[in-house]
Amino acid sequence: MNNVLQLVWLVPFFPLVGFLINGLFRKQLSKSLISIIGSGMVLASFVVSVLLFTEVKNGNTHVANLFDFISFGSLSIPFAFQIDQLSSLFLLIITGVGFLIHVYSAAYMHEERNDHFGRYFCYLNLFVFSMLLLVLGANYVIMFIGWEGVGLCSYLLIGYWFKNTEYNNAAKKAFIMNRIGDLGFLIAIFWLIAKLGTVTYTTPEGTGVFDVFNKLTRTDYIGITLLLFVGATGKSAQLPLYTWLPDAMAGPTPVSALIHAATMVTAGIYMIARSNILYTMAPETQSVVAAIGLATALFAATIAIKQNDIKKVLAYSTVSQLGYMFLGLGVGAYTGAVFHVMTHAFFKALLFLGAGSVIHAMHHEQDIRNMGGLKKHLPVTHLTFLIGCIAIAGIPPFSGFFSKDEILAAAFAKDHLYYYLGVAGALMTAFYMFRLYATTFLGKFRGTEEQKHHLHESPAAMTIPLIVLAILSIAGGFIGMPEVFNMGEHKLEHFLAPIFEASASYKEVPHLDHETEYMLMGISVGVAVLAILVALFRYSKKPEVHEPAGFGKVLADKWYIDELYQFIIVKPMQWFARFLNNIIEKNFIDWLINGVGRTVNYTSRQVRLLQSGLVGNYVLLMVLSMLALFVVKFFLKK
Amino acid sequence: MLIERYIYLAIALFCIGIVGVLARRNAIIIFMCIELMLNAVNLLLVAFSKMHHVAGVAKSASAGIDGQLFVFFIMVVAAAEVSVGLAIIVMMYRNTHSVDVNFLNRLKH
Amino acid sequence: MIPVLLIVIPLVSGLLAFLIKQEKSAKVWALLTSLVTMVVTILGIAVLHKPEYLQTNVPWLPNLGSSFSVTMDGMSKLLCLLTGIAYPGILIATWNTSYKNAHQFFALMLLMQTGLMGVFVASDALLFYFFWELALIPAYFLCSIWGGERRIAVTFKFFIYTFVGSLLMLIGIIWVYFHTTDHSFAMSSFYKVNLPGNTQGWLFWLFFLAFAIKIPLFPFHTWQPDTYEQSPTAVTMVLSGIMVKMGVFGILRWLAPVLPVGLWGWGDTAATLCVVGMLYASFVAMQQDDLKRLIAYSSIAHMGLMGLAIFVTSAVGIQGVMVQMFNHGINIIGLWIVVELIERQFGTRKMSELGGLAQKAPSLSIMLVVVSLANVALPLTNAFIGEFMMFNGVFGSKSSNYHYIFTVVGGISIILSAIYTLNMIQKVLYGNTSSLTANARDIRFNEKFVLAVLLIGIVVMGVYPKPMIEATRHAVDAIYSKMFIKLP
C-alpha cells in the first residue's frame with residue numbers, strides 16, 4: 001500500500017496551484033471564488049495529509065524523488081520529499097490549522113479591495129506551499145528552500161498593507177533577521193557537504209546524513225548543530241534574534257495566527273527535531289539550546305506582562321512558548337517539544353483568531369485599555385478565548401498542560417534549576433494571559449460610544465474555526481497523555497519513536513518515578529492557578545489604564561532591546577556605510593585611480609615645456625642628441 | 001687621393017650648415033644652411049662611391065654606383081623641398097612681414 | 001560554422017545598419033538580426049552539436065602563429081546563449097525609447113555583439129584580444145554619444161581604465177606566446193606552456209588586472225557605477241549583463257589553465273580582494289539613492305563572489321560560477337529593464353522621489369519584486385543555484401587557507417544584499433505615492449512580455465537547473481584538471 005504515500009507531492013502541489021490561480025487572476029475572480037480556491041486547495045492538501053497520516057500510522061514511510069535539483073560530481077541533491085512520522089504530523093498541523101485560518105481570513109479580510117484580497121490569498125497559499133516544502137523536504141537543501149520561502153511569505157504578508165511605512169519596516173526587519181539566521185543554516189549545510197558529501201537525511205543504502213553521522217568529529221557536531229541553531233533562533237524568534245516577531249504583528253491577524261504562531265515560527269523546532277541525532281551527539285550545543293530557550297521563555301514573558309496591545313501580548317507569549325519548546329529540545333525531550341508545537345499551534349492560533357475577532361468587532365482597535373466587558377457582546381469569542389487562555393496556562397485537562405508538563409518534567413530530570421525557572425515562566429504565562437483576558441473581556445467597556453454601538457459577534461466563517469480550534473485545544477492533549485495516568489501508553493511518543501530512535505539509543509530519556517511526576521504536576525498547576533486568581537482579582541475590576549512607571553516602564557518598553565540594537569548595530573552600520581561611500585569611495589579609491597591620471601597630466605605638463613616652438617631649440621636638441629649618440633656609440637661602448 | 005680629405009671637407013661643410021641653422025634666425029639663411037648639409041652628405045656619398053668602385057669593379061661592372069644614384073635622388077628631393085620651402089617662406093613673409101623664424105613659436109602655447 | 005555565424009551576422013548587419021536612415025526600420029533591422037543570431041545560437045547548442053559545426057579554424061596571421069580559430073565549447077555555450085537571447089530581450093524591452101541617430105546606435109550595438117560573441121568563442125589568444133578590444137570600442141561610442149550629462153568624462157575614464165588593463169594583458173599574452181613550444185597563439189599551445197613559478201606569479205597580475213578591471217573587482221571598480229549611471233540603459237544592460245562576464249570568462253579560460261601556479265600563489269590575495277569588495281560594495285550600495293548606482297554596486301558585490309569562487313579553486317565553485325554568469329546576466333538585465341521603465345515614465349531614478357508604485361503599477365511591482373528576490377538569491381530563483389554552489393565551493397576549498405573565513409565574511413554580504421534590496425523595494429514600491437508617481441500607469445505589453453519571459457526563466461532555471469549544470473560540467477572538469485596537471 002505504498003501507492004498512497006506516492007501521492008505526497010500532491011500536498012504541496014495544491015497550494016501551489018491555488019497560488020498561481022489566485023495570483024494570475026486576482027482581478028478577474030470574485031472574492032468568494034478567490035476564497036473558495038484559496039481555502040479549497042489547502043483543504044485538499046489536508047485531505048491528502050490525512051490519507052498519508054493513516055498510512056504512516058501503520059509504520060510506512062516513503063521518500064519520493066521528484067527530480068535532480070543540484071547534482072555535481074559526487075554531490076547530489078535531489079528534489080525529494082520524505083513522508084514519515086514527523087513530517088506527517090507537521091503536515092496535519094499546517095494544512096489543518098492552515099485551512100481553518102484560510103476560512104477565517106475570507107471573512108476577516110472581506111473589506112479589502114478585490115485584487116488585494118486575491119493578493120492576500122495568493123501569498124497565503126504560497127506560504128502554505130513553502131511551509132510544506134520545509135517539512136516535506138528529504139534533505140537540508142529542500143528544507144532550506146522552504147525555510148527561505150516562508151521567510152519571503154512572512155515578509156510579504158507582514159507588509160501586506162504596503163502603504164504604511166511602519167508595516168514595511170517591520171516586514172523588512174523580519175526578513176533581515178531571518179536572513180541572519182539563514183546564513184548560519186546555510187553554512188551548516190556546507191559543513192555537512194564538506195564532511196559527509198551529502199545533505200539527504202537518510203537513504204535506503206545508508207548513505208544519508210543520519211546514517212553516516214558517525215564520521216563526524218566532536219568539533220563538527222558542535223559546529224554544525226550550533227550553526228543550525230543560529231538558523232533556528234532567527235526563524236523561531238529566540239534570543240537574540242527575536243525582535244522581529246513582535247513587530248511582525250503589523251500583518252493581518254490571521255497571518256499572525258498562521259505564520260507567527262502556529263507554523264512558520266515552529267520551523268526551528270522542526271529542524272532540530274529532524275536533526276535530533278546530531279544534537280544528541282553534541283551535548284554542549286544542547287545546553288546552549290536549553291539555556292537560550294529558557295532565557296527567551298522568561299525574558300519574553302516579563303515583557304508580555306506589561307504590553308497593552310492585544311496582539312503584542314500574544315506575540316511575546318509566542319516567543320516565550322517557543323522558548324519552552326527549545327528548552328524541551330535542549331534537555332532531550334524531543335517528543336515533548338513536538339507535542340508542544342502541536343498543542344501550541346491549536347491554542348495560539350485560537351488566541352490569535354480570537355484576538356482578530358475582537359479587533360474586527362472593535363474596528364481595528366488593538367489597545368486593551370480601550371476594551372473591557374466584551375464578554376456579553378462577543379459570547380463565542382469570549383468562550384473560545386477563555387479556553388485558549390486556560391490551555392496556555394497549563395490547567396489540566398486542557399492540551400497545554402500535558403505538553404508543557406512533559407517538557408518541564410524532562411527539564412527537572414536534567415537539572416532542577418531548569419525546572420524551577422520553567423515554572424516561574426509558567427507562572428508569568430498564566431498571569432499575563434489572564435491579565436489580557438480580564439482586561440479585554442471582563443469589567444466595563446472603556447471604548448468610545450461609536451465602537452460600543454458597532455460591537456457585534458463575528459460571522460460564522462470566523463466563529464466556526466474558533467470553535468474547532470477550541471475543541472482541539474481542549475482535546476489535543478490526550479494524544480500525549482503521560483503514562484502516569486495509566487490510560488495506556490503515550491500515543492505521540494509511540495508514534496514518533498522511529499524518528500527519535502537513534503537518539504534514544506545513544507541517550508536514554510530519563511524517566512521520573514510517578515510520585516515525583518505527580519508532585520511536579522501539582523506544583524505547576526498550583527502555581528498556574530494561583531497566578532490566574534491573582535490576575536483575575538487584580539484586573540477584572542480595576543484594569544491598568546495608566547502609563548506604567550518605574551520597572552514596569554522598562555518592561556513595557558521591552559527592556560529597550562530594540563533601542564539597544566539600533567544603537568549598537570544599525571547605527572554603526574549606517575555610519576560605516578556612509579563613511580565608505582562618502583570618504584573611502586569618493587576621496588580615497590577614486591582619488592588613487594584618478595591620481596594615476598593626474599600624474600600623467602602633470603608629467604606631460606612638465607615635459608611639454610621642451611616644446612618651446614623655437615626652431616633653433618629643436619635643432620640644437622637634435623644636434624646634441626646626435627652628438628650624444630655618437631659619443632655613446634664610439635667611445636662608451638668599449 | 002685619400003678618402004680622409006673628402007671626409008674632412010664634408011664635415012666642415014656639415015658643421016657650417018649646423019652652426020648656420022642653429023645661429024641664424026633668417027629663414028632663408030637657415031634654408032640655405034640645410035642645403036649645405038645635404039650637399040655635404042652628397043659629397044660624402046659620391047666620394048665613397050668613387051673610392052669603393054675601385055675595389056669592387058673587379059667583381060661586377062656596376063659595383064658601387066648605388067651611392068651616386070642616391071645623390072641624384074637627394075638632389076631631386078632637395079629641389080622639391082626648395083620649391084615647397086620657399087613657398088612656405090613666402091607665405092610666412094606675407095603673413096608676418098618678416099622671415100624671422102622665432103616669430104613662429106605658436107606651437108608653444 | 002556556428003561560431004563564425006555568430007560573429008559574422010551581427011558584424012555584417014551592424015555595418016549595414018549604418019546605411020538605414022529611418023529610426024523605425026533601424027530598430028526592426030536590429031531586432032530581426034538579433035533574433036537570427038539567437039536562433040543560430042540555440043541551434044548550435046541544442047541541435048547541431050557535432051564538433052564540425054562548432055569549430056572553425058582558418059589561418060589568420062600565419063607568420064605570427066595565430067589563426068582565426070573559434071569554438072563553441074561547454075564554457076562558451078552558456079555565455080553565447082546569454083548574449084544571443086539578451087539582445088532581442090533588450091531591444092524589445094527598450095523598444096519605446098527613442099535615440100538620436102538611431103541607426104548608428106543600433107549599428108554600434110550590433111558591432112558590440114560581434115565583439116562579445118568573438119570573445120566567448122575565440123580559441124586563439126590574439127583573436128581573443130582582438131575581440132576583447134572590439135567589444136570595447138562600440139561601448140565607448142555608445143556611452144559617450146548617447147549617455148547622460150557627465151558622459152564624456154565618465155566614458156573617458158571607462159575607456160582608459162579598461163584599455164590600460166587590456167594592454168597589460170597583451171603584454172602577458174605576448175610573454176606567454178614567446179614561451180610556447182611552437183610559437184603559436186592557439187589555446188592548446190597556451191595550455192601546454194609550463195612557466196616557472198615566479199614568472200607565473202607576476203604574469204598572473206598582468207592578466208588579473210585586465211580581468212579585475214573588467215569584472216570589476218574591488219578596488220578597480222570605480223569606473224563602473226559612473227559608467228552604468230551615465231550610459232543609456234540599453235547599453236548598461238549589455239555592459240553589466242554580458243560584458244563584465246568577459247572578465248570572469250577570461251579568468252576561467254585564459255588565466256586559470258595557463259597560469260595555475262600563479263593563481264595558487266596569489267589566490268588567497270585575490271580572494272581577499274574579492275571578499276573585501278563584496279562587503280564594501282554592499283555597504284556602499286546601502287547608501288545609494290540612485291537606482292542605477294545601487295544596482296551597479298550590488299553587481300560589484302555579486303561579481304566579487306564569482307571571483308572568490310574561482311580564486312579559491314574548487315570544482316563546485318567553478319561550476320557555480322559558470323551557472324551564475326548566465327543567471328546574473330539574466331537577473332541584472334531584468335533589473336535594468338525595470339529601472340529603464342521607471343526612468344522613462346517618471347524622469348528620475350532617485351528612490352527618494354519615487355514611492356507607492358505598488359498601488360499604481362502592480363505588474364511592474366511584481367516584476368521588480370521577483371527580479372530583486374532573484375538578486376538576493378532566494379531559493380527557487382536561478383541565482384540561488386549559482387550562489388549555493390559557489391559558497392559551497394568556497395567552504396569546501398582545499399587550496400585556500402582561509403576558506404572558512406571567506407565563507408563567513410562573504411556570507412555576510414548575503415544579509416547586506418537583503419538589506420539594500422528590500423530598502424530599494426520599499427522606497428520604490430511601497431508607502432504613499434509621491435508627486436511624481438501619483439499618476440503612474442502600468443507597463444505596456446511588450447515590456448510585460450519580456451519581463452514575463454525573464455520571470456519564467458528565472459523560476460524555471462531556479463527549480464530545474466540540471467540542463468545548465470550538465471551543459472557546463474565537462475568544461476569545468478577540463479579546466480579543473482588542467483589546473484592540476486601543471487602542479488609541481
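Please read these numbers as outputs of a predicted model, since none were measured by experiment. We name chains A, B, ... by the order of the sequence lines, and we start the count at 1 in each one.
Annotation: maximal heavy-atom pairing with chain C below 4.5 Å, among A:Arg578, A:Gln574, A:His116, A:Arg119, occurs at A:Arg578. The most heavy-atom pairs under 4.5 Å with chain A, out of C:Val476, C:Ile419, C:Ile469, come from C:Ile419. Chain C forms more heavy-atom pairs under 4.5 Å with one residue of A:Leu156, A:Asp182, A:Ile189, A:Asn169 than with any other, namely A:Asn169. Ranked by heavy-atom pairs under 4.5 Å with chain A, the first of C:Tyr280, C:Phe218, C:Tyr161 is C:Tyr280. Top candidate by heavy-atom pairs under 4.5 Å with chain C, chosen from A:Ile176, A:Val141, A:Asn168, is A:Asn168. Each of C:Gly396, C:Gly393, C:Pro225, C:Ala315 has some count of heavy-atom pairs under 4.5 Å with chain A, and the biggest count is that of C:Ala315. Between chain A and the options C:Val394, C:Thr433, C:Thr407, C:Asn423, the largest number of non-hydrogen pairs under 4.5 Å is found for C:Asn423. Per-residue heavy-atom pair counts under 4.5 Å with chain A were compared for C:Ile412, C:Val376, C:Val323, and the maximum is reached by C:Val376. Ranked by heavy-atom pairs shorter than 4.5 Å toward chain C, the options A:Ile584, A:Asn582, A:Asn164 are led by A:Ile584.
For C:Val408, the parts sitting under 4.5 Å from any heavy atom of chain A are the backbone and the side chain alike. Heavy atoms of A:Ile77 lying under 4.5 Å from chain C belong exclusively to its side chain. Interface residue C:Ser417: only side-chain heavy atoms are found under 4.5 Å from chain A. Heavy-atom distances place both the backbone and the side chain of A:Trp191 under 4.5 Å from chain C. For chain C, the nearby parts of A:Ile180 are the backbone and the side chain; heavy atoms of each come within less than 4.5 Å. In this structure, no portion of C:Ala281 lies under 4.5 Å from any heavy atom of chain A. With a threshold of 4.5 angstrom between heavy atoms, A:Lys173 does not approach chain C through any atom at all. Heavy-atom distances place no part of C:Ile160 under 4.5 Å from chain A, backbone and side chain included. Heavy atoms closer than 4.5 Å to chain C are found in the side chain of A:Ala194, but not in its backbone. Both the backbone and the side chain of A:Phe69 come within contact range of chain C, with heavy atoms under 4.5 Å apart.
Here the side chains of A:Leu75 and C:Asn392 are in contact, with some heavy-atom distance below 4.5 Å. Within the 4.5 Å cutoff, side-chain heavy atoms of C:Gln426 are placed close to those of A:Thr165. A 4.5 Å side-chain heavy-atom check between C:Phe220 and A:Ile589 finds every atom pair outside the cut-off. Here the side chains of A:Phe162 and C:Leu429 are not in contact, with every heavy-atom distance at 4.5 Å or above. Looking only at side-chain heavy atoms (C-beta outward), A:Phe67 and C:Val463 come within less than 4.5 Å of each other. In this structure, A:Glu585 and C:Tyr297 have side chains that are in contact, with non-hydrogen atoms separated by less than 4.5 Å.
Heavy-atom neighbours of A:Gln28 CD from other residues, nucleotides or ligands within 6.0 Å: above the threshold of 12. Heavy atoms from other residues, nucleotides or ligands lying under 6.0 Å from CZ of C:Phe449 number 12 at most. The number of heavy-atom neighbours closer than 6.0 Å to OH of A:Tyr565, taken from other residues, nucleotides and ligands shown, is above 12.
Smallest separation of non-hydrogen atoms from A:Ile70 and C:Pro465: CG1-CG, 4.4 Å. Taking each heavy atom of C:Phe388 and A:Ile193 in turn, the nearest pair found is CZ-CD1, 3.9 Å. Nearest approach of A:Arg179 to C:Ile414, heavy atoms of both residues: NH1-CG2, 2.9 Å. Considering all non-hydrogen atoms of both residues, A:Arg26 and C:Pro362 come closest at NH2-CB, 3.7 Å.
Judged purely by distance below 3.5 Å, without hydrogens or angles, the side chains of A:Asn581 and C:Gln288 pair a donor atom with an acceptor atom.
Using cut-offs of 30° and 60° for the angle between ring planes, the C:Phe391 and A:Phe190 rings count as parallel. Using cut-offs of 30° and 60° for the angle between ring planes, the C:Phe384 and A:Phe144 rings count as parallel. Note: C:Tyr430 and A:Tyr155 have tilted aromatic rings, judged against thresholds of 30 and 60 degrees for the angle between ring planes.
How far CZ of A:Phe79 is from NZ of C:Lys466: 14.5 Å, rounded to the nearest 0.5 Å. One finds the CG atom of C:Leu380 at 10.0 Å from the CG atom of A:Leu152 (value rounded to the nearest 0.5 Å). Summarising the geometry, atom CZ belonging to C:Arg473 is positioned 5.0 Å from atom OG belonging to A:Ser71; distances are rounded to the nearest 0.5 Å. In this structure, A:Leu580 CG and C:Leu279 CG are separated by 9.5 Å, a value rounded to the nearest 0.5 Å. To the nearest 0.5 Å, atoms CD (C:Glu470) and CZ (A:Phe72) are separated by 10.0 Å. Atom CD1 of C:Ile415 is separated from atom CG of A:Leu183 by 4.5 Å, given to the nearest 0.5 angstrom.
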Original post:
Run the side chain to side chain contact (heavy atoms under 4.5 Å, CB included) check on C:Phe395 and A:Leu186 step by step: do they pass?
Top reply: CA-CA 11 Å; C:Phe395 189 89; A:Leu186 205 54; over 6 Å; no
**OP:** Report the C-alpha separation of A:Ile593 and C:Trp223 in whole Å, then their side-chain angles, then the decisive distance to 0.1 Å, and conclude whether the side chain to side chain contact (heavy atoms under 4.5 Å, CB included) test is met.
**Re:** CA-CA 9 Å; A:Ile593 301 300; C:Trp223 62 268; over 6 Å; no
